[in-house]
Q: 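Before I ask anything, here is the structure I am working with.
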Amino acid sequence: MAGSLALVLGVPAGTWLGQRTNWQVPVAALAALGLVCLVTIAVLLPTSRPEEEPAAYGSDPDVRRFRTVLAAGTLSATGAFTGYTYVVAFLGEVSGFSPGSVSVLFVVFGVACLAGVSVTGAFLDRFPQGALVAAVATQAAGLLGLYALGAHQGAAVVFLVLTGGALGPVFMTTQNAMLSCAPGRTDLALAANSGAYNVGIAAGAALGGLILPLAGVRGTFLAGGLLTVASCAVLLLTASRDRVRR
């Protein structure tokens, strides 16, 4: 839940703060918050040997599935942030929302993300693979819907909610998969997944920046949607091959 909040509130909060001051202020604020977190962890977090924990190793180790989930998560994150990084420009230039309305839509986006995490959590234990595919497919539908129909404000809100409702669950379901398929220790698998997701965030923002002057802000959402479709295809193809082998 905290990770989802960071994604959906951190970017607009940093943008808002930077617009009212300069870029050094949000960076300095992040550094200060990071220092608070570091001290809190050092003082309060209990320590134990990783191998002593009940979830130290995956319940169903599978190197192939581990790589598949890692690749799908990276593609999905890249797709999401190819568009989402430039969502303020999209909502203003393409959808025609006022700056005040965009702020409200960010709140709606955040609520949708939290709702998506809550709903996904109810089904995650029973349908882990299905929950992951559904989250990625929903993200693809949201991004491509914004590209195709984002000029209509009503449709833009609907597809923005879909995108927000999927963004948190995608990361949540890939982390859950790591607890099962980790070929070694789960803490390392979770760290690898988190690192891959962050690589996707950076790659998506960079890719969107390259697309922006060539195809406009709508083009970033098209590219993001297609990358997310590729992520979904990776998951479905792997699941299909696994069924054939069985």
Side-chain angles (χ1 to χ4, degrees), residues 4 6-16 18-19 23 26 71-113 115-116 133-171 197-236:
S4 300
L7 290 174
V8 301
L9 299 180
V11 171
T15 301
W16 177 86
Q19 288 173 341
W23 67 266
T74 305
L75 275 173
S76 176
T78 303
F81 284 87
T82 297
Y84 178 63
T85 305
Y86 305 96
V87 69
V88 172
F90 182 93
L91 293 174
E93 296 174 13
V94 178
S95 303
F97 287 105
S98 66
S101 298
V102 170
S103 299
V104 174
L105 288 174
F106 269 124
V107 175
V108 172
F109 187 93
V111 171
C113 185
V133 173
V136 175
T138 301
Q139 178 180 297
L143 291 169
L144 292 175
L146 283 167
Y147 163 74
L149 299 170
H152 305 283
Q153 292 189 344
V157 172
V158 170
F159 289 112
L160 187 70
V161 167
L162 276 181
T163 305
L167 195 60
V170 169
F171 183 65
Y197 197 85
N198 281 297
V199 167
I201 292 173
L207 178 60
L210 293 174
I211 293 171
L212 203 59
L214 300 175
V217 71
R218 284 185 72 231
T220 66
F221 280 81
L222 174 60
L226 293 177
L227 283 168
T228 309
V229 168
S231 172
C232 198
V234 167
L235 293 170
L236 291 174

Q: Is the backbone of Leu212 close enough, under 3.5 Å, to the side chain of Thr220 for a donor and an acceptor to pair up by distance?
A: no
Q: Can you find a pair of side-chain heavy atoms, one from Thr163 and one from Phe109, that are under 4.5 Å apart?
A: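 Contact flag for Thr163/Phe109 side chains = yes.
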Q: My understanding is that only one of Leu160, Val217, Val102, Leu146 makes a side-chain contact (heavy atoms from CB on, under 4.5 Å) with Val87; could you say which?
A: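 One option only clears the test, and that one is Leu160.
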Q: What closest approach, in Å, do Gly165 and Pro169 show between heavy atoms, and which atom pair accounts for it?
A: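 Looking at all heavy atoms of both residues, the shortest contact is O-CG, 3.1 Å.
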Q: Describe, in one word, how the ring planes of Tyr197 and Phe171 are oriented to each other, choosing from parallel (under 30°), tilted (30 to 60°) and perpendicular (over 60°).
A: tilted
Q: Tell me the closest heavy-atom pair linking Ala140 and Thr228, and the distance in Å.
A: N-CG2, 3.5 Å
Q: Passes side chain to side chain contact (heavy atoms under 4.5 Å, CB included), Leu207 versus Leu227? Steps please.
A: CA-CA 11 Å; Leu207 178 60; Leu227 283 168; 3.7 Å; yes
Q: Of Phe159, Tyr147, Phe90, Tyr86, which meets ring pair (Phe, Tyr, Trp, His ring centres under 6.0 Å) against Phe221?
A: Phe90
Q: Rounded to the nearest 0.5 Å, what separation is found between the OG atom of Ser231 and the CG atom of Leu226?
A: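 Result: 12.5 Å between the selected atoms.
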Q: So do the side chains of Phe81 and Leu167 get within less than 4.5 Å of each other, counting heavy atoms only?
A: yes
Q: Which heavy atom of Val133 sits nearest to which heavy atom of Leu236, and what is that distance?
A: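 Heavy atoms of Val133 and Leu236 come nearest at CG1-CD2, 3.8 Å.
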Q: Is the side chain of Gln139 donor-acceptor paired with the backbone N or O of Ser76 at a distance under 3.5 Å, no angle test?
A: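 Confirmed, Gln139 side chain pairs with Ser76 backbone.
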Q: Atom CG of Leu91 and atom CD of Gln153: how far apart are they, to the nearest 0.5 Å?
A: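 Here the rounded value is 9.5 Å.
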Q: Heavy atoms only: give me the nearest Ala80-Leu143 pair and the separation to one decimal.
A: CA-CD1, 4.1 Å
Q: Is any side-chain heavy atom of Leu222 closer than 4.5 Å to one of Leu144?
A: yes
Q: What are the two closest heavy atoms between Ala156 and Ser95, and how far apart are they?
A: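 For Ala156 and Ser95, the tightest heavy-atom pair comes out as CB-OG, 3.5 Å.
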